[in-house]
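Encoded as structure tokens, the structure appears first; notes follow it.
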Amino acid sequence: MPTEYARVRIGTEELPPPAELLRAFREPDDPNRHRHSVLSAARQLVECHERRHKAIEAAHAPDASPGRVAACTQRVEDIDGQRAELVGQIDVWVADNVEHRGGASLHTETLGAVIDRMAAKWVAAQRALRRAPQQRARPVQVDGEAHLQWCRLAELTDGYRDLVTDVTEHRRRLPVW
């Protein structure tokens, strides 16, 4: 499949670094996210995943009627459609702003898909932390599920950092659909 890439080389400062991405996940009112369309879409992906979890919980409630389950299922489908649009917006930004060296190896996912997975894991980690029993002893203790979710988020964040570095240094290119 032929693809065209932007003619202008983009620097690392223009691809959101992991800290900026995590800040956009964490802070809905962060002014920096409005300066970069990728950060804005990333925050909206977090909001989609939060709404998605709530809809799934509502559908699985013991007292959920068949009508409620159907409504929740439709809500999840609508949210997934919004997520696909946001992923597409990120991928369009990549196509318009990131130049790739022809011989660089192709990454298996688009940047939008990577950020969507990170947003999903951010929400899962936050929810696990809220479910963990709060203990006053220092250091703060969390249960195994919360620890697992945060470790997975850290692994995804490290992978994102490596991907941004590899793309910037033309060792890897992102798929553009």
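All values below come from the heavy atoms of this structure, side chains included, with hydrogens, waters and symmetry mates left out. Bear in mind the structure is a predicted one, so any value in this text is a computation, not a measurement.
- Smallest separation of non-hydrogen atoms from Thr108 and Pro175: C-CG, 4.5 Å.
- No continuous path of hydrophobic side-chain contacts links Val98 to Val92 [ILVMFWY only; heavy atoms under 4.5 Å].
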**OP:** Start with the C-alpha distance between Gln44 and Cys48, add both sets of side-chain angles, then the distance that settles side-chain contact (heavy atoms from CB on, under 4.5 Å), and finish with yes or no.
**Re:** CA-CA 6 Å; Gln44 291 175 62; Cys48 284; 5.5 Å; no
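- For Val69, the side-chain contact (heavy atoms from CB on, under 4.5 Å) criterion is met by Ala64, Thr73, not counting sequence neighbours.
- Judged as a side-chain contact (heavy atoms from CB on, under 4.5 Å), and not counting sequence neighbours, the contacts of Gln149 are Lys121, Ala124, Ala125, Ala128, Glu145, Arg152.
- The distance from atom CG of Asp96 to atom OG of Ser37, rounded to the nearest 0.5 Å, is 9.0 Å.
- Hydrophobic clustering, with ILVMFWY side chains joined whenever heavy atoms are under 4.5 angstrom apart, groups Leu22 together with Leu111.
- You'll find the side chain of Thr165 reaches within 4.5 Å of the side chain of Arg171, heavy atoms only.
- Contact check for Val114 versus His107: side-chain heavy atoms found under the 4.5 Å cut-off.
- Residues passing the side-chain hydrogen bond (donor to acceptor under 3.5 Å, both in side chains) test with Gln89, sequence neighbours excluded: none.
- Heavy atoms only, all atoms of each residue included: Ala24 and Leu39 are closest at CB-O, 3.8 Å.
- With respect to the salt-bridge test (charged N to carboxylate O, under 4.0 angstrom), the residues Glu50 and Lys54 do not qualify.
- In the hydrophobic clustering, Ile56 connects to Val76, either directly or through intervening members, whenever side-chain heavy atoms lie under 4.5 Å apart.
- Classification of the Phe25-Trp122 ring pair by plane angle, with boundaries at 30° and 60°, yields tilted.
- Residues satisfying the salt bridge (Lys or Arg N to Asp or Glu O under 4.0 Å) criterion with Glu57, sequence neighbours excluded, are Arg127.
- For Ala113, the side-chain contact (heavy atoms from CB on, under 4.5 Å) partners are Glu109, Thr110, not counting sequence neighbours.
- Scanning all heavy atoms of the two residues, the minimum distance from Val94 to Leu174 falls at CG1-CD1, 3.8 Å.
- For residues 60-72, there are no salt bridge (Lys or Arg N to Asp or Glu O under 4.0 Å) pairs, not counting sequence neighbours.
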Hey, can you pull the donor-acceptor pairs under 3.5 Å for the side chains in residues 78-86, sequence neighbours left out?
residue, atom, partner, partner atom, Å
Asp78, OD1, Gln74, NE2, 2.9
Asp80, OD1, Arg52, NE, 2.7
Asp80, OD1, Arg83, NH1, 2.7
Asp80, OD2, Arg52, NH2, 3.2
Gln82, OE1, Arg51, NH2, 2.3
Arg83, NE, His49, NE2, 3.3
Arg83, NE, Asp116, OD1, 3.1
Arg83, NH2, Asp116, OD2, 2.6

Per-pair distances, 0.1 Å, donor-acceptor, side chain in residues 155-163, under 3.5 Å, sequence neighbours excluded:
residue, atom, partner, partner atom, Å
Thr157, OG1, Leu153, O, 2.8
Asp158, OD1, Arg161, NH1, 3.0
Tyr160, OH, Pro16, O, 2.5

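- Here the CZ-CG distance, from Arg117 to Leu45, works out to 13.0 Å after rounding to the nearest 0.5 Å.
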